[in-house]
Amino acid sequence: MLILTCPYCGIHCDETELANGGEAHLKREGPGSSDDAFEAYLFDRDNPMGVHFERWRHANGCGKWFLAARDTVTMEVFGTYKAQSIEPPAEIVERIRAKRPDWEGRA
Amino acid sequence: MSDVQPALGGAEFDGAGARVVEMPPKGMITLRGSPDEIGAAVADATGCAVPGQREITFEGEFALGWMSPDEFLLMCPRDEVGTCLKSLGETLAGSHHLAVDVSDARAVFSIAGPGAREVLARLCPVDLASTAFGPGEIRRSRIAQVPAAFWIDANDDIKLICFRSVARYAFDVLCGAAKGEPVGVLR
Ligand SMILES: [Zn+2]
């Protein structure tokens, strides 16, 4: 069972209150981008065993999207943060580095 | 005004653990925008204090629930909806906001009795111990497979709202959960 804290309403949500929205921090390739870049934006996704950043929506709750950093193997949650974040907050990155010294950072 | 009917005609069920009743439809207004601006306007129109995160406040026949950082749900008597909307529209003129009559969107249930907390505990992924969830708090979650929100009212009954389209489903799962004797762990 995955439990994530919604940064908007502060509830420790059971996974069944949430809807997964796939990988976080994708950069949209808009008009003028190359076909390759646009294809990568649409289809290329990380699927790591280990540290991963995801979008989640508090669907059965406040309805807001937020972002979460977790380990896909151990289900350890490093933190959740607001959807308006361009990149993971420094304290979450620090926490990951402390717990996963061999983590290579985001691709 | 048309003769407003509850979705299930005011269905009732007496279980060993709790009594489940479909309440008469309430007036409901969804409010979105800057919480400061909306809060001030709605406090003005109803006298309800502006609820903080996950709080619900009451004033007479009015209730104001915190739904998300930029959304409140105002509940009032059906025939007050027009007056409230007009007052809100005037106070909020010029600020970016949304105030819509959603009175037809939802069904309201009351769950009362010594096993009321257990009824919800069987259906929701929520800690319903009185130390974790008490009066003055509104919790949006799900009951079984449908979204719902609930709070504890002045009589210590639980009030629950869900979408009207799933009222039958909600009532049936509530009755199923209210059938059994209370275990007695949640008081
Ligand atoms: Zn939330």
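Lettering follows sequence order; numbering is per chain, from 1.
- The local environment of CG in B:Asn155 is crowded, with over 12 non-hydrogen atoms from other residues, nucleotides or ligands closer than 6.0 Å.
- A donor and an acceptor atom, one from each side chain of B:Thr46 and B:Glu59, are nowhere located under 3.5 Å apart.
- Options B:Ser68, B:Ala149, B:Pro69, B:Ser141 differ in how many heavy-atom pairs under 4.5 Å they form with chain A, and the most are formed by B:Ser141.
- For a heavy-atom cut-off of 4.5 Å, chain B lies close to A:Lys64 in residues 63-100 of chain A.
- Contact of the B:Val173 side chain with the B:Arg122 side chain is not registered, since no non-hydrogen atoms from C-beta on lie closer than 4.5 Å.
- Top candidate by heavy-atom pairs under 4.5 Å with chain A, chosen from B:Met67, B:Glu71, B:Arg139, is B:Arg139.
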Original post:
B:Gln145 and B:Tyr169: side chain to side chain contact (heavy atoms under 4.5 Å, CB included), yes or no, with the steps?
Top reply: CA-CA 9 Å; B:Gln145 300 189 47; B:Tyr169 174 86; 3.5 Å; yes

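- Every side-chain contact (heavy atoms from CB on, under 4.5 Å) that B:Ala170 has, sequence neighbours left out, goes to B:Phe109, B:Ile143, B:Cys162.
- Residues B:Leu174 and B:Leu120 meet the side-chain proximity criterion, which asks for heavy atoms closer than 4.5 Å.
- Among B:Ile158, B:Ile152, B:Asp153, the one residue that satisfies the side chain to side chain contact (heavy atoms under 4.5 Å, CB included) test with B:Asp156 is B:Ile152.
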